[in-house]
Amino acid sequence: MKTLLAIIVLLPFCGFLLNGLFRKHGTYKSVARLACTTILSSFIASAIVFGMLSQGTTAETVKYFDFINTDSIKIPFAFQIDHLSAMFLLIITGIGFLIHLYSSAYMKDEEPQHYARYFAYLNLFIFSMLLLVLGANYIIMFIGWEGVGLCSYLLIGFWFKNDNFNYAAKKAFIMNRIGDLGFLLAIFWLIARLGNANYADVFANVHNLSQTDITAITLLLFVGAMGKSAQIPLYTWLPDAMAGPTPVSALIHAATMVTAGIYMIARSNVLYSAAEFTQHIVAIVGLTTALFSATIAIKQNDIKKVLAYSTVSQLGYMFLGLGVGAYTGAVFHVMTHAFFKALLFLGAGSVIHAMHHEQDIRKMGGLKKYLPITHITFLLGCIAISGIPPFSGFFSKDEILAAAYEKNPVYWGLGVAGAAMTAFYMFRLYATTFLGKFRGTHDQEHHLHESPAAMTIPLIVLAVLSVIGGFVGVPEVLGGKHLLGEYLSTVIIPEPHHALAHNTEYMLMGISVAVATIAILFAVSHYSKKPQLEDATGLGKVLENKWYVDELYNTIIVNPLNALGGFFKNIVEKSGIDGFVNGIGRFVNYLSRQIRLVQSGQVGGYILMMVVSVVIILFIWIHDGEIYKFLVTKLF
Amino acid sequence: MSATHILFWFLSALAVVSALMVLFSKNPVHSVLWLIAVFFAISGHYILMNAQFLAIVNIIVYAGAIMVLFLFVIMLMNLNKESEPRKNVWMKLAGAISAGSLLMILVSLVGQATEVSHKTLIMKDGNIGLIKSLGKILFTQYVVPFELTSILFLSAMVGAVVIGKKD
Amino acid sequence: MPIQYYIILSMVIFCIGIAGVLTRRNTIIIFMCIELMLNAVNLLLVAFSKMHYAASLNAPNHATVGSEGQLFVFFIMVVAAAEVSVGLAIIVMMFRNTHSVDANFLNRLKN
């Protein structure tokens, strides 16, 4: 097991090193092959690990070496393989491989060395992500956490010649840093209280922590999750992160990295279950984010932006699930979301590829007949995310909503409203893009073509997964078995048995499905015939401009900071620090110019000084004690 | 009050007054003469302390040879007029004040010093200052430094000649 | 006779010498003041030698105690004589070059 895990983690790292170091010597084929092979091997190894665990191999912690070894703190570099991490291994390497495959065709336009750089980053990302989910303590998780943040930065700014992309990359990085600070503080707090940060030790010693400690630690961890998983108020980086190549958006900003926060909280479920207050906060933040970003998504016209806000919204659902204690449901939603959101992004990538990097959906339309495979798969993805049974999204979302209802029916009501909006904006996107008449230029229409096989195969695989992925978690009420829940039961404390009557549950499902269906029908009928092309007005304009949150942040945080920086630069630095430093220089200059006069060359002057000095020295010598006493009592 | 005491006070007063006159004389020749008076007073102190050898040497070397040399130079350069340029009065004041404060400090030091309190010295008795005993020590224990002084003299002579030579 | 008398006497002469060095500008006078200071020190040395002799009167073999002080005075005189010969030579040369014995002309140390 030890070797197997090392192989899983190190293969992508080797791919990164080889592609990164020899990026000027590779061809498209060799680079893509190397990158895909490493991830595929990783995937196979992960599948073996997953299989072993399913066959009854117990979870274990394998230690490689001491990462930090001091007198009071010992942080081992260890991996913990259990059902939760095994599942994430599968998602990361599996979807990672599909996206590598997709990218090998999508990125063909780049020069070979940038092509290699891209794959090097991508491999590094997979490596970091694996580190994140495999780490047996919060420190190792944090290493991976920072690693994925770095890769995210590098990949958002992949086309570094465009300043806007660089700004987006910086924004993502800085927003993440704010969250990371919370995570880091939580780790420090844990170490200060418990002496180490190993999951096993922490979870075994939860009862030794005071309620305040637990609440503070969980809140700080949640701040970390907020940054990484784009929750209010740190969500604004994610839509901007769409500046990166589309497969990157699919992999990092939809399927894997942004779910790191969910993984972290699911991993720490023992802590969170002990902190009721934090759970409320998590649920409220998640729900607010879900609704808020859903409203924004309704009015976006950039195909990737819609998907980005949709991702933020779905992440909000996952946090809602975590907040109401449905850890399994949240992880389940991570999995299904990874499938259909990766599918949607890749489909969008396919559309963008066909449209020659046109992302505005108002200039598309009627792509159904030009991109048949993309169309079908995209449609399946839309249905899945809208929560129509028996597609995967239905099961996971329903599980979260049922748990939310159990906790507080208001949560459920708002959740359903969000789900309706989700269905609405997804089908608005679908209808505007694929139905109706083509609205682009004649030239674009002429060049429309279906993407190559390397791009469509991942689409098809993901579409299949999106359709059937939900069946691993069929709720009891529908006569199924919650395979995923059973699988994860060793890691996640089983939720208290559903207190809901079957009738209630049927009713809840019925309402959410009905609402979603109505929303879909309305969207399709409304937008397929006459899509909204002109700029929105009124509330629509507010939504189109994302509630002006970026402007708000600029006004209340960025601009004051800039002003403060300007103040420090112009006033404090110039007249304060510079004045002080230069003043010392000037003072010394002045003093030396005056003292230089003493060196007159007149022997008499020197002798005078000598005599005066002798007098002073003798005086001090005589009054040694008294002078000292005087200085001590009077001056200090 | 014994004769020794009277002599001591008289010689001390003579030495101090003559020293002050060295300082205050306008004419360098007068200064030299007052200096010779100081040397005589100091030689008198030596005799009081029964340091006969040093008293004689002091008169011969200092009052005789050295001061004659001074006089000789002054005469040679025709400096026997009151030609000294006025020194800055503030510099004079500063010099006087610093010298005075040095004196005060030194005197207060002596007042504090336990090493010399209640110590007296024998004025007339003891023959360590006689030529016989000093000569004995000089030519036995201190013969090497004594010979070295001759080298010092030789080099000083050579130096004086080299410096004074017209080039 | 207490030793303090001699100490203070020689200090007075010494400080008069210092005052002379500090206040006068004539190099020859300055030189004479230096001689004055040397003599003050000589006087003190002799006084201390007698003091040590007096302190060790009761000790055996006291006949030569303190004679080192007087020998020092002798050597100081030797050095002073050498110094005067060289110093006066310098003054003569300086007078030859500047036609003055003003110490303020001797500010070559400035550069």
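Chain naming here is simple, since letters A, B, ... match the order of the sequence lines and numbering starts at 1 in each. Bear in mind the structure is a predicted one, so any value in this text is a computation, not a measurement. Side chains included, hydrogens not; waters and symmetry mates left out as well; all remaining heavy atoms used.
- For B/S98, the part lying near chain C is the side chain, with the backbone staying farther off; criterion is any non-hydrogen pair under 4.5 Å.
- The most heavy-atom pairs under 4.5 Å with chain C, out of B/T4, B/V22, B/V107, B/L20, come from B/L20.
- Both the backbone and the side chain of B/I163 come within contact range of chain C, with heavy atoms under 4.5 Å apart.
- The nearest pair of heavy atoms linking B/T120 to C/M51 is O-CG, 3.7 Å.
- For a residue to count as touching a neighbouring chain, one of its non-hydrogen atoms must lie under 4.5 Å from one of that chain's; by this rule C/I7 touches chain B with the side chain only.
- Residues passing the ring-ring contact (aromatic ring centres under 6.0 Å, His included) test with B/F146, sequence neighbours excluded: B/F139.
- B/V38 touches chain C through its side chain: at least one heavy atom from C-beta onward sits under 4.5 Å away, while N, CA, C and O do not.
- In this structure, chain C has no heavy atom under 4.5 Å from any part of B/V162.
- Under 3.5 Å, the side chains of B/S2 and B/H5 contain a donor-acceptor pair of N or O atoms.
- Considering only heavy-atom pairs separated by less than 4.5 Å from chain B, the leading option among C/S10, C/P2, C/S49, C/C33 is C/P2.
- Contact count against chain B (heavy-atom pairs under 4.5 Å) is highest for C/I16 among C/I16, C/I13, C/V86.
- Between chain B and the options C/V92, C/I91, C/V78, the largest number of non-hydrogen pairs under 4.5 Å is found for C/V78.
- Within a 6.0 Å sphere centred on OH of C/Y5, heavy atoms belonging to other residues, nucleotides or ligands number 12 at most.
- Here the side chain of B/S133 pairs a donor or acceptor atom with the backbone of B/I128 at under 3.5 angstrom.
- In this structure, no portion of B/A65 lies under 4.5 Å from any heavy atom of chain C.
- Residues of residues 57-64 of chain B lying within less than 4.5 angstrom of chain C, judged on heavy atoms, are B/V57, B/N58, B/V61, B/Y62 in numerical order.
- A tilted orientation is assigned to the rings of C/F75 and B/Y142, their planes being inclined by 30° to 60°.
- Heavy atoms closer than 4.5 Å to chain C are found nowhere in B/L109, neither backbone nor side chain.
- The two residues C/N39 and B/I42 have their closest heavy-atom pair at CB-CD1, 3.6 Å.
- Scanning both residues, B/L11 and B/G44, for their nearest heavy atoms gives CD1-C, 3.4 Å.
- Note: B/F8 and C/Y6 meet the aromatic proximity criterion, with ring centroids under 6.0 Å apart.
- Contacts of C/F31 with chain B are made by both backbone and side-chain atoms, with heavy-atom separations under 4.5 Å.
- Comparing C/A55, C/G17, C/A47, C/G87 by heavy-atom pairs within less than 4.5 Å of chain B, the highest count is held by C/A47.
- Between B/A96 and C/T23, the closest heavy-atom pair is N-CG2, 4.1 Å.
- Within the 4.5 angstrom heavy-atom criterion, atoms from both the backbone and the side chain of B/S12 approach chain C.
- Neither the backbone nor the side chain of C/L45 comes within contact range of chain B; no heavy atoms are under 4.5 Å apart.
- Both the backbone and the side chain of B/F70 have a heavy atom closer than 4.5 Å to some heavy atom of chain C.
- When the shell of 6.0 Å around CE of C/M93 is examined, it contains more than 12 heavy atoms from other residues, nucleotides or ligands.
- What you find for C/V46 and B/A51 is that their closest heavy atoms are CG1-CB, 4.0 Å.
- Within a 6.0 Å radius of CZ in B/F40, other residues, nucleotides and ligands contribute 12 heavy atoms or fewer.
- Closest heavy-atom contact between B/H45 and C/L9: NE2-CD2, 3.4 Å.
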